[in-house]
Q: 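Here's a structure for you.
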Amino acid sequence: MEIASKYDPRAVEDKWYNFWLEKKLFHSEPDNRRPYTVVIPPPNVTGVLHMGHMLNNTIQDVLVRRARMMGKNACWVPGTDHASIATEAKVVNMLKEKGIDKRDIGRDEFLKYAWQWKEEHGGIILKQLRKLGASCDWDRTAFTMDDIRYESVIRVFVDLYQKGLIYRGVRMVNWDPKALTAVSDEEVIYKESHSKLFYLRYYIDNEQPRSGVGVKDKDYIVVATTRPETILGDTAVCVHPDDERFQWLKGKRVIVPSVGRSVPVIMDEYVDREFGTGALKITPAHDVNDYNLGMKYNLPSINIFNDNGTLNDNGGKYKDMDRFACRKAIMKDLEAEDLVEKVEDYVNKVGHSERTDAVIEPKLSAQWFLKMTDLAKKALEVVENNDIQFHPEKFKNIYRHWLENIKDWCISRQLWWGHRIPAYYLDVDGKRETIVAASREEAFEEACRRFPGVVTSKEQLEQDEDVLDTWFSSWLWPISLFDGIRNPDNEEIKYYYPTDDLITAPDIIFFWVARMIMAGEEYRHEVPFRHVYFTGIVRDKLGRKMSKSLGNSPDPIELMEKYGADGVRMGMLLTAPAGNDLPFDESICEQGRNFANKMWNALRLVKGWKVSKELNQSSENQVSVEWMEQRMACVLEQVEKDFDQYRLSEALMNCYKLAWDDFCSWYLEMVKPAFGSPIDGETYQATISIFERLTYMLHPFMPFVTEEIWHLLQDEAPCDGEDEESARKREMRNQLAASSSIMMQHMPVSVFFDQRLLDACTTARETIAGVRNIRNTKGLSPKEELELYIVGSEDKAGNGRFDGIIKKLANVKEIHYVDQKVEGAVSFMIGTTECFVPMSQHIDVEAEKKKLEEELKYAEGFLASVMKKLGNEKFVNGAPEKVVAVERQKKADAEQKIAALKAQLANL
RNA sequence: GAUCUGCUAGCUCAGUUGGUUUAGAGCGCUUGCUUGACAGGCAAGAGGUCACAAGUUCAAAUCUUGUGCAGAUCACCA
């Protein structure tokens, strides 16, 4: 069989992905196996794949593929999120380009456009995931706004309303003037910004007599603000009640500059005396704290803004101006009137909308809220008691802090794309009554019951215009995917829920993770998943977050074209420990690609061997096979531990080293027959079997190349003198293998291994390296046969079983066990064993001396540190006997080594 | 401002309950190799006073405290 010397991913990846799809290997149905369930963090339906998705989904696929090969019924459910704000913004933009205003066409027409947009642009990202090799059960693909999910959301809303957990109220909310909607606290990002602090004069209202206390030469006070435009809505000025400087203001009124309105001076301990001038202007309509003070002191609230951030009728001459333009204009006017004391540079944090980046405006409005206190309590409990484990654990702190300080969740959005709030309004005797029901029909029935004779038709009911926060659907995801809201007792939800692992980025720990836990408790009385694996953030070489706007993110599809999906997957995983940011550099994909190629070439080697059934297995091959089996068992144990602890990059690295170093560099070299000679059948079969198991171990990380290699390994070539019967059988086996998949094989499990054999091999490897080193430093050709003298007996050298291998790999003609030093030879030491390689050529005495002296120096230093411990009575008496014994052994070894080195030096 | 996390080789990270570690890996680097699987390779090397300081201990990369630096989360300072 001709196999190309370079592995070409493009030639095989699509082939195998389609093969897996055809065989329905990703599909899961409940059965009697143990389930292993993962739900995808649904990406935005109209989004495209970025590096964060690559990392996240690679990890999911590794876990899912591994679970599947471990005999579990693995189910990875894909889907997309309707992404209310983001998608609506895209559609609004698209319409704008066509000259259409959303409001002109109305809700129904707009939604038609939105659905059309979703059909056109939706799901690209899921197609891209196939390229990565994601083994999702595509038959289960869901969308947060498909029928099942939509209905589930509505039902949950109604249910929570009936439980009294959802309420509607007028509150100060975070208003996004660009998206024209309220957003939740979590959607506000506070960014440091360089602002100005304006000091403005508020004159005393002279209608009132001045008291005799305090500063008399001034008839104004100075108030500092970063937002001078809001003075248009000022309804008070506040100072600290204990502030000496302002006692004279008690009971007075001041004139709001520019506006000319007379407002009271109030006193409240809220004010920080140290900040600014110690006097605070109060604008109840446009600041949360001012709002609270306004409520406390019964102050009027004057709203000066329109929803889009421009000034309204209360803005007087600034009407229709944008808030930031107004800030400039009003300052100019105030300066003209000499009402500005000074302006300072000032750094503060300004809230921006997560989605639109617009500066958030606190706004008083009627919104729907979900009470969080009780939900939060349960959600905290299950993480605190480790029913749900976070990886890494540090995120527990962040989680706890958020839940302990939680506020009610504003769940209504002034948008159209989303789940429309199932609340209906009805005028009853001039009073607006609210009916919450899953449908207009149900609302009508309830209205008839509650207000007999008032309603005559469904159309009389007016449905709430708002939709729900996107996260109000995602928080049900692990349940709604299995239809567990509508049919809580169905087979699927009972089988697949709770899911096993959730893999997500830490930035949605509150948005999504915490809320899913709440929903799980509320609707299943059970956690939604057992483990949460937080990935890091993918950054560029300079440590910047990868983003579209910076243009520093490579296109994942192009990367996969270049390095193969396996190469990119490996690149991502090699440097991505849980929770640690991942400094991504294309070159790490190269390492992945090279590794795939390495395995490929190992296959070429093995498949190129001629097999002889007559040949008996040599003792060297026997020990090689035995060692490789043990080595694999040892690494398997480590890999299992790594997976248990979600240390994926460690697991991968361990597999990588097992494959590259142990298997390719050592094992294959050990058993490789001389050119032109055949290999014995027993060793060949063992090699194939080991190679197979290696591909199983690697498959979760690099699914394509391992599938390809595995198939080629299965493919048996005809052997010499094959009779008809065995040819037929071989042909059948080949056909059977061709229709099978590595995905259906069983992951090997760790078994007992003999550490002594592994140690013996390590000694042999060190000996080989020692001889090779001599070749290197002496400039000897690898082809020149050498003699090796080892001081001591075979047993001492770690048993002679590896002697044949040492001879083969170090090109040593003979190994002699002797009881004294060898003259005219170069030496090296393996532990306390002296080894000599006689030189026919002249030995550079000075160089040898230098080398030995350095070694001696190290050994003496080592001995000194050991002696320091052993010379300490407290150590000898206080430390455990075992530890002291170890030190004594170290001492003996070091002394022996020093003696040997000294003797060698003397010899020179 | 509060809380948390980290600081180990040029880079990215391991180092489990202090004791076979005067510290390991991968990549990178250096020096040899047209070695019948692979230059996307092979072989052999070099490279670290474990951020700093004090303390606890027979023993500290590991525990305690402080300092510095970096990052994260939260917070109503106008």
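Every value quoted in this text rests on a predicted model; they were computed, and no experiment measured them. A note on names: the letters A, B, ... follow the listed sequences, proteins ahead of strands, and every chain is numbered from 1.
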Q: What is the base-pairing partner of B/rG68, counting Watson-Crick and G-U wobble geometry with both distances under 3.5 Å?
A: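 For B/rG68, the partner nucleotide comes out as B/rC7, under the 3.5 Å rule.
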Q: Which nucleotide wins on minimum distance to the side chain of A/R604, given the candidates B/rC38, B/rG40, B/rC42?
A: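 Ranking B/rC38, B/rG40, B/rC42 by closest atom to the A/R604 side chain puts B/rC38 first.
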Q: Side chain of A/F275 only, please: which of B/rA37, B/rA78, B/rG26 is the nearest?
A: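 That would be B/rA78.
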Q: Roughly how many Å is it from CG in A/N773 to C1' in B/rC42, rounded to a whole number?
A: 15 Å
Q: Counting heavy atoms from C-beta on, name the nucleotide in B/rA78, B/rA44, B/rC38 closest to the side chain of A/N601.
A: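 For A/N601, the side-chain atoms sit closest to B/rC38.
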Q: Calculate the interatomic distance between A/I588 atom CD1 and B/rG28 atom P; express it in whole Å.
A: 12 Å
Q: Taking the six-membered ring for Trp and the single ring otherwise, decide whether the centroids of A/F534 and A/F395 are under 6.0 Å apart.
A: yes
Q: Return the value, rounded to whole Å, for the distance between atom CG of A/D290 and atom C1' of B/rC77.
A: 11 Å
Q: Whole angstroms only, please: what is the CG-C1' distance between A/N594 and B/rA37?
A: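 Going from A/N594 (CG) to B/rA37 (C1'), I get 15 Å.
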Q: In whole Å, I'd like the distance from the CG atom of A/L605 to the P atom of B/rG41.
A: 16 Å
Q: How are the rings of A/W660 and A/Y656 set relative to one another: parallel (under 30°), tilted (30 to 60°) or perpendicular (over 60°)?
A: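 Because their plane-to-plane angle lies in the 30° to 60° range, the rings of A/W660 and A/Y656 count as tilted.
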Q: Once you round it to whole Å, what is the distance between C1' of B/rC58 and CD of A/E881?
A: 15 Å
Q: Counting side-chain heavy atoms from C-beta on, which of B/rA72, B/rC42, B/rA43 comes nearest to A/R772?
A: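 So the side chain of A/R772 is nearest to B/rA43.
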Q: Give the nucleotide from the list B/rA43, B/rA37, B/rG26 with an atom nearest to the side chain of A/N776.
A: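 Nearest nucleotide to the side chain: B/rA43.
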Q: How long is the line joining CD of A/E784 and C1' of B/rG32, in whole Å?
A: 16 Å
Q: Would you kindly check whether a donor in the side chain of A/E887 faces an acceptor in the base of B/rA59, or vice versa, at under 3.5 angstrom?
A: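 Check fails, no donor-acceptor contact within cut-off.
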Q: If you measure from the P atom in B/rU64 to the same atom in B/rU57, how many Å do you get, rounded?
A: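 One P to the other, the span is 16 Å.
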Q: Between B/rG6 and B/rA14, how far apart are the P atoms? Round to whole Å, please.
A: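 The same atom, P, in both gives a distance of 10 Å.
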Q: Could you state the NZ-P distance from A/K394 to B/rC4, rounded to the nearest angstrom?
A: 14 Å
Q: Rounding to an integer number of angstrom, what distance separates B/rC42 and B/rU5 when you compare their P atoms?
A: 42 Å
Q: Choosing from B/rG19, B/rA78, B/rA37, which nucleotide comes nearest the side chain of A/V271?
A: B/rA78
Q: B/rC38, B/rA37, B/rC76: which one has an atom nearest the side-chain heavy atoms of A/N597?
A: B/rC38
Q: So, do A/Y346 and A/F275 have ring centers that fall under 6.0 Å from each other?
A: yes
Q: What's the closest nucleotide to the A/T225 side chain, out of B/rA44, B/rA78, B/rG26?
A: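 Of B/rA44, B/rA78, B/rG26, B/rA78 is nearest to the side chain of A/T225.
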Q: Kindly indicate whether the side chain of A/Y270 and the base of B/rC76 share any N or O donor-acceptor pair separated by less than 3.5 Å?
A: yes
Q: With rounding to the closest Å, how many angstrom separate the C1' atoms on B/rC13 and B/rG48?
A: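 14 Å, rounded to whole Å.
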Q: Can you check whether any acceptor in the base of B/rC38 is under 3.5 Å from a donor in the side chain of A/K598, or vice versa?
A: yes
Q: Applying the side-chain contact (heavy atoms from CB on, under 4.5 Å) criterion to A/V239, which one of A/T277, A/V271, A/V265, A/V223 satisfies it?
A: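 Result for side-chain contact (heavy atoms from CB on, under 4.5 Å) with A/V239: A/V265.
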Q: side-chain contact (heavy atoms from CB on, under 4.5 Å) with A/Y7: which of A/I709, A/D566, A/N594?
A: A/D566
Q: Does the side chain of A/S587 get closer than 4.0 angstrom to OP1 or OP2 of B/rC27 through an N or O atom?
A: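 Result: no.
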Q: Taking 4.0 angstrom as the limit, do A/E895 and A/K891 come out as a salt bridge?
A: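 So A/E895 pairs with A/K891 through a salt bridge.
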